[in-house]
Amino acid sequence: MMIHSPRGVEDILPQKVLQYQWIEKEASSLFSLYGYEEIRTPIFEKTELFHRSVGKETDTGKQMYTFLDKKGRTLSLRPEATASIVRAYLEHNIFTKSREWRVWYAGPMFRYERPQAARLREFRQIGIEVIGEGSPYLDIEVIEMALKFFERIQLTKLQIQLNSIGCKRCRPLYEKELRNSLKKDLKNLCPICQRRYQSNILRILDCKKEGCQSITRKLPPVENYLCPDCQSHFKKVKEGLRELHISFTLNPYLVRGLDYYTQTIFEIISPHLGAQNTFCAGGRYNDLVEELGGPPVPAIGFSIGEERLLLALRKEKESSLPQISPPVYIIIIGEENYKWGYKIANSLRSKKIKTKINFSFKSLSSQLKEANREKVQWVVIIGQEEVQKKKVIFRNMDSGKQWEVLWKEIDKFSKKIGS
RNA sequence: GUGAGCGUAGCUCAGCUGGUAGAGCGCUGGACUGUGGAUCCAGUCGUCGGGGGUUCAAGUCCCCUCGCUCACCCCA
């Protein structure tokens, strides 16, 4: 029986590797313009770290790949990067060296979930975190930077959903209000929401079921319950975005899944993605650093699902994604001439021209067929006659035109190929 | 974790109410022995996802299992 890759994980074949490299490179160059440096944290951490950050009872907490190492330590593959980055921030005492820390990352994350469209067990995220600054103007800059990134890679169809879920002072008041208002309608909510009423009451707000929505739409929005600080923070964020002509949708029912969020939260969604339409999400987490044993400093971040982003990009404009460029293809007729092919290949490579030799020594016809199948543009033909006359044939596969080129003039001719 | 749909050739799929597998594309070769893509000809193509059961007979019916896909839950 053939061994298959495990469920929910997949190979990224060369054509797609190129696409991942491209978006990561674009992210790197843009984020560095905003003062972010790259950080690389471990793929696994002590399970406890995620329990304390993501929340033990959230599904993300339950969906971790957790295992024991040989010494019996409980470790988990990271389900997201924020916890690791805060851990690193504290472990290296960054707060004693600088007031604000800006980092970006890209890499694989793992969650044990049932795979579906745009959702895998191993998936990649690109993200940023800023620790140490609580200004609403930073929130604006962070959102603006995310949009600039999507603009750079030419993703145009997207929508920003924005909300504020308050802080540890005002959110409990709102949750209490929800609990009171929903009490009488509890039996009319779907079974899942009845469970949420106990576990995570905010999540009832973004239930997709009609029945639940007709009840929740009558509830007062969070905004009414924000404390003065959170209210003024949110107001500045909204005004700042408008000043930058960034259009966003205020969504009072937007709630994030991870426990640690406070104040500003946002999601960016794409119409191309089906049920899993959020490809970028983030927000403030002003209490997390302190909860993980550090000083009470605010923070903000977002992350982008690379698979989802690429999926949306492919739907939108496949042609704007980078393609593998075909090599110049060297066909040698007759095994005895192989060393001349080798010599010519290396002289092209020294000019930075990608070159591949066909070592099959099959008939010219079948080697041309192979070249055609690989969609190459230029073929070099070397046979007995060429070796004797110290020349080669360059054949353009699109036009069918051929040039006889002397060996000493190959460098000159190679400029034609480069263009 | 829940639900639905689907697993037949390398790929896309056909195979009616059971009678021991087919098409197109691809691939290889030839027509064209040093010139690819078009056309024609020939050839290659299968443990019918796996296991068990019913039956004289199972790709087809039943059960189990694995996998894929989508949705729910949740999330990037």
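All chains are named by letter (A, B, ...) in the order of the sequence lines, taking the proteins before the strands, and each is independently numbered beginning at 1. Below, each value reflects all heavy atoms present in this structure, side chains not excepted, and no hydrogens, waters or symmetry copies.
Atom pair A:Lys208:NZ and B:rU2:P shows a separation of 20 Å (rounding to whole Å applied). Atom-to-atom, CD1 of A:Ile192 to P of B:rU2 comes out at 13 Å; the value is rounded to the nearest Å.
For the C1' atoms, the distance linking B:rC64 with B:rG10 amounts to 30 Å, nearest Å. Taking the P atom of each, B:rG7 and B:rG49 are spaced 8 Å apart, rounded to whole Å.
There is a side-chain donor-acceptor pair under 3.5 Å between A:His233 and A:Asp139. Side chains of A:Glu144 and A:Tyr34: a donor on one and an acceptor on the other come within 3.5 Å. For the 3.5 Å distance criterion, the side chains of A:Asn251 and A:Thr249 fail to qualify, holding no donor opposite an acceptor. Side chains of A:Arg111 and A:Gln63: no donor on one and acceptor on the other come within 3.5 Å. Inspection of the A:Glu386 and A:Gln388 side chains reveals no N or O donor paired with an N or O acceptor under 3.5 Å.
Within 3.5 Å, no donor on the side chain of A:Gln276 pairs with an acceptor on the base of B:rA71, nor the reverse. No hydrogens or angles were tested; on distance alone, nothing pairs the side chain of A:Asn372 with the base of B:rG37 as donor and acceptor under 3.5 Å. A:Arg395 contributes a side-chain N or O that forms a donor-acceptor pair with the base of B:rG36 under 3.5 Å.
Within the structure, every pair that satisfies the ring-ring contact (aromatic ring centres under 6.0 Å, His included) test and touches residues 128-174 of chain A, not counting sequence neighbours, is listed here: A:Phe31-A:Phe149, A:Phe150-A:Phe279, A:Tyr174-A:Tyr225. Applying the ring-ring contact (aromatic ring centres under 6.0 Å, His included) test to every pair with at least one member in residues 301-355 of chain A, sequence neighbours left out, gives these pairs: A:Trp340-A:Trp407. Within the structure, no pair that satisfies the ring-ring contact (aromatic ring centres under 6.0 Å, His included) test touches residues 304-327 of chain A, not counting sequence neighbours.
Between A:Phe279 and B:rA76, no base-stacking contact is recorded for ring centres under 5.5 Å apart and planes less than 30° from parallel.
Within a 6.0 Å sphere centred on CD of A:Glu37, other residues, nucleotides and ligands contribute 12 heavy atoms or fewer. Atom CZ of A:Arg349 has more than 12 neighbouring heavy atoms from other residues, nucleotides or ligands inside a 6.0 Å radius.
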Dot-bracket for RNA chain B, 5' to 3', Watson-Crick and G-U pairs with both distances under 3.5 Å, [ ] for crossing pairs, | for partner on another strand, reads (((((((..((((.....[..)))).(((((.......))))).....(((((..]....))))))))))))....
- [ ] Show your reasoning for whether side chain to side chain contact (heavy atoms under 4.5 Å, CB included) applies to A:Arg179 and A:Ile201.
- [x] CA-CA 7 Å; A:Arg179 204 150 288 154; A:Ile201 194 156; 3.6 Å; yes
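A close approach under 4.0 Å does not occur between any side-chain nitrogen or oxygen of A:Arg119 and OP1 or OP2 of B:rC73.
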Counting primed atoms, P, OP1 and OP2 as sugar-phosphate and everything else as base, the B/S/- map of nucleotides 65-70 of chain B against protein heavy atoms under 4.0 Å is ---S-S
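The stretch residues 385-394 of chain A touches RNA chain B through A:Glu385, A:Glu386, A:Ile393, each having a heavy atom within less than 4.0 Å of the strand.
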